[in-house]
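When a ligand or atom number is given, it counts from 1 through the structure's own listing order.
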Amino acid sequence: MVIKPKVRGFICTNAHPAGCAASVREQIEYVKSQGSIENGPKNVLVLGCSTGYGLASRITAAFGAGAKTLGVCFEKEPTERKTGTAGWYNTAAFHNEAKQAGLYYKTINGDAFSHQNKSEVIDIIKQDLGKIDLVIYSLASPRRTDPDSGEAYVSTLKPVGEQYTTKTFDTSKGIVHEITLEPANQDEIDNTVKVMGGEDWELWIKALKEADVLAEGVITSAYTYIGKELTWPIYGHATIGKAKEDLDRASESLNNNYSDLGLKAYVSSLKAVVTQASSAIPVMPLYISLMYQVMKDEGCHEGVIEQINGLFRNLLLTENPPVDEASRLRMDTVETNDDIQNKIKAIWPKVTTENFPELGDYAGYNQDFLKLFGFGFAQVDYEQDISPLADW
Ligand code: NAD
């Protein structure tokens, strides 16, 4: 079939296998161009390995450090008539590239929140890898079923405390307009913490430790976004921010509980980038477009792979890395510095639907958005008839 993007609201409902493969190759080339990571991890588990920051983590571990990688993701397989999800094709492409490079890879497509998924992963580690020395927790999900109670929880993207009125960009209608977001109630806050907080990260580490598949000195990181005043009302100080605060609690508890193993748990704060998760958050497409414009003008723009490559090489895998007041690793300091933020704040009140393409980097945002689904790569012929099927 000839595959063209089908965008519905903040999501693209199809994906291009050759484009996703091009995207994975570009990230691999970038990591390889940075040279190899000395004394890096050998056996790496990436939870949320198929897109965004998790995929970049897997690529950096495999092609930077030569690590064996085991991944978990939740993706849709293609059929003869319908494409798979981008994460499916990214994983197929990653497998191909890893195979050619002689690197071990295995991926489980299933619900990482479940007990069953954890025991499948543990079986594979025992069979193939022995022990894991790096665990990356990069799940982004709107829902989670508690594996013990069976109760399903849904997260909410709402302010906390009071109503918030701000500008947003409606990506489906192409207009900048004001929105008023009602504050979350306590249930909504608690449910968001249940889905995106630290509980499942802790359950993973507990299960891996009990199965004796964590190496001495194992490192683990979950990812967060902290941001600044422009995004605090809808992110940092909002429901999702409460869940992210719970990651800080979880990392402290992991460091205390597994000190006998020499485990080091970090929450790593990364910059805002276009991913499937971030494009679903109100205000973020507008903020990211303006921030991209400012950071590109200043020559300090970075995407997912540059961020993770920097995180691994300069912070996460180093002895005693510098941490902030909450013991987090910070890769977001260029985005959040006052100079960059003041430039974004100066543009913010002036943005209208008409001048948005000039004042913001909406073209760059849109291009990155389409690339998430494998569209817009110069080296891919999008007129060509291509099979949507791709095996792992
Ligand atoms: P993403 O949507 O690109 O990736 C989410 C991953 O989770 C995918 O691999 C998906 O398959 C997997 N997944 C979702 N539900 C699952 C389930 N039930 N079982 C197994 N796998 C499942 O998201 P992302 O933006 O890369 O986010 C990853 C992490 O990085 C999140 O914690 C997010 O908050 C954080 N982060 C994102 C940004 C940003 O701007 N995108 C910035 C800083 C931090």
| query | Do T13 and R8 get their side chains close enough for a donor-acceptor pair, meaning under 3.5 Å? | reply | no
| task | May I ask you to test the L47-S138 pair for a side-chain heavy-atom distance under 4.5 Å? | result | no
| said: Can you report which non-hydrogen protein atom sits closest to atom 38 (C) of ligand 1, along with the distance? | reply: Y53 CE1, 3.5 Å
| remark: A student checking ligand 1 against Y235 at a 4.0 Å heavy-atom cut-off should list atoms 34 (O)
| query | For ligand 1, which atoms, with element, lie under 4.0 Å from some heavy atom of D111? | reply | 17 (C), 18 (N), 19 (N)
| Nearest option to atom 31 (C) of ligand 1, as decided by whichever heavy atom of V72, D332, I136, L139 sits closest | L139
| Can you name the nearest heavy-atom pair linking H95 to K106, along with the distance? | NE2-C, 4.3 Å
Ignoring hydrogens and angles, write down the donor-acceptor pairs under 3.5 Å from the side chains of residues 148-157, residues two or more places apart or on other chains.
{"from": "D148", "atom 1": "OD1", "to": "H115", "atom 2": "NE2", "distance (Å)": "2.8"}
{"from": "S149", "atom 1": "OG", "to": "E151", "atom 2": "N", "distance (Å)": "3.1"}
{"from": "S155", "atom 1": "OG", "to": "P142", "atom 2": "O", "distance (Å)": "3.3"}

| said: Only heavy atoms of G52, strictly under 4.0 Å: list the atoms of ligand 1 that pass. | reply: 3 (O), 26 (O)
| said: Contact between ligand 1 and G87 is defined here as a heavy atom of the residue under 4.0 Å from a ligand atom; is it met? | reply: no
| query | Any N or O of Q276 that comes nearer than 3.5 Å to an N or O of ligand 1? | reply | no
| said: For Y225, does the six-membered ring have the charged nitrogen or CZ of K271 within the cation-pi criterion, i.e. under 6.0 angstrom from the centroid and within 45° of the normal? | reply: no
| query | Under 3.5 Å between some N or O of ligand 1 and some N or O of A112? | reply | yes
| query | If you count the atoms of ligand 1 from 1 in the order shown, which ones are under 4.0 Å from a heavy atom of C49? | reply | 9 (O)
| note | min-distance protein heavy atom vs atom 33 (C) of ligand 1 -> K244 NZ, 3.7 Å
| remark: Closest to atom 20 (C) of ligand 1 (heavy atoms only, candidates G110, G48, A140, G54) is G110
| K271 touching ligand 1 at heavy-atom level, < 4.0 angstrom | yes
| query | Should the proximity of E75 to ligand 1, defined as any heavy atom under 4.0 Å, be assigned to the side chain, the backbone, both, or neither? | reply | side chain
| message | Quick check: F74 and ligand 1, any N/O pair under 3.5 Å apart? | response | yes
| query | Would K131 and E216 pass as an ion pair if we require N to O under 4.0 Å? | reply | no
| field | Per-residue contact class, T224 against ligand 1 - non-hydrogen pairs under 4.0 Å | value | backbone
| query | Is there any N or O on V273 that sits under 3.5 Å from an N or O of ligand 1? | reply | yes
| Do any N/O atoms on T275 end up under 3.5 angstrom from N/O atoms on ligand 1? | yes
| request: Using the salt bridge (charged side-chain N to carboxylate O under 4.0 Å, His left out) rule, pick out the option among K242, R249, K244 that qualifies with D246. | output: R249
